[in-house]
*Asks:* 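Could you have a look at this structure, given as structure tokens, before my questions?
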Amino acid sequence: MSSTTQTLKVVDAFDLDDELRTLLKPGEMVKDAGGRRHRLPRYFYEVPSHDAAMSMRLSQHFALNEFTLVDLKEHARLQQYPRYIPCAVRLLVFYLEQFRSAAGASVHIAVNGGYRSPAHKLSLNATAHMWGTAADVYRIGSNILKSKEAIEKYNQIAEDVSEDLTVLPYGHATGSNADDHVHLDLGYITLVPREISEDRMEVPQENRPRFAFEERRRTERRAVSPEERAED
Ligand SMILES: [Zn+2]
């Protein structure tokens, strides 16, 4: 892979094998802590290997692997490559870049603080982590976020970046507070990449797996034929 371009493979999770489909639950409804129902994402980036996760950048300062770092709380199958992460993670990264710049220092995501599948042990209720649209930040620059003062400071910075960002207030109630990280999320966003065809059939397409490659280099996207460009 060259250093200037990368493609991310997008898959329709209905086409993955039975075990993966059972774990990722594409399109299924889950309840949040308030009893509201939300539909789980269906389109995922496929991460082929650990090396790819390390080298693939989602933005200037965030690599893909920062959002897939989990421990034994995640299901073992979902820690084997190829691995999967909801496509909406790239919206999160856009906001994290702005948060990083407002905070004026590097932003470090905790283990289990990026994407968590519906099978993850912390996924008791629906949380934006299951959509790939939440991040638990445990350190900013050299500042470890464990005090009320630090968490409230960076919560305020996050809220000032955009009203799209939601944070959890400092406190000790799991799920509604945070006391050793700053939780940022965009809510329950499902992203459908333009490269993929949205088939209504929510069953595996054994003969015709649905996937596409998303070109992540804008300048190269511009180099398409005039007919293709017409759709913009
Ligand atoms: Zn969180």
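As the structure lists them, so they are numbered: ligands from 1, and atoms in each ligand from 1. For the numbers below, each heavy atom of this structure counts, side chains included, while hydrogens, waters and symmetry mates do not.
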*Asks:* Heavy atoms only: give me the nearest Val30-Trp131 pair and the separation to one decimal.
*Replies:*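 So the two residues come closest at CG2-CH2, 3.7 Å.
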*Asks:* Where is the tightest heavy-atom contact between Gly27 and Arg39, given as atom of each residue plus distance?
*Replies:*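 Looking at all heavy atoms of both residues, the shortest contact is O-NH1, 2.8 Å.
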*Asks:* What's in the same ILVMFWY side-chain cluster as Leu69, cut-off under 4.5 Å, chained through other members?
*Replies:*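 Members other than Leu69 - counting any ILVMFWY side chain reachable under 4.5 Å - are Val111.
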*Asks:* If the threshold is 4.0 Å, N to carboxylate O, is there a salt bridge linking Asp180 and Arg139?
*Replies:*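 Looking at Arg139 together with Asp180, the answer is no, because their closest N to O distance does not fall below 4.0 Å.
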*Asks:* Does NE2 belonging to His61 count more than 12 external heavy atoms closer than 6.0 Å?
*Replies:*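 Yes, the 6.0 Å shell around NE2 holds more than 12 heavy atoms from other groups.
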*Asks:* Could you tally the protein N/O/S atoms lying less than 2.8 Å away from the Zn ion (ligand 1)?
*Replies:*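 For the Zn ion (ligand 1), protein nitrogen, oxygen or sulfur atoms under 2.8 Å: 3.
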*Asks:* Between the main-chain N or O of Phe94 and the side-chain N or O of Ser59, is there a donor-acceptor pair closer than 3.5 Å?
*Replies:*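 Such a contact is absent between Ser59 side chain and Phe94 backbone.
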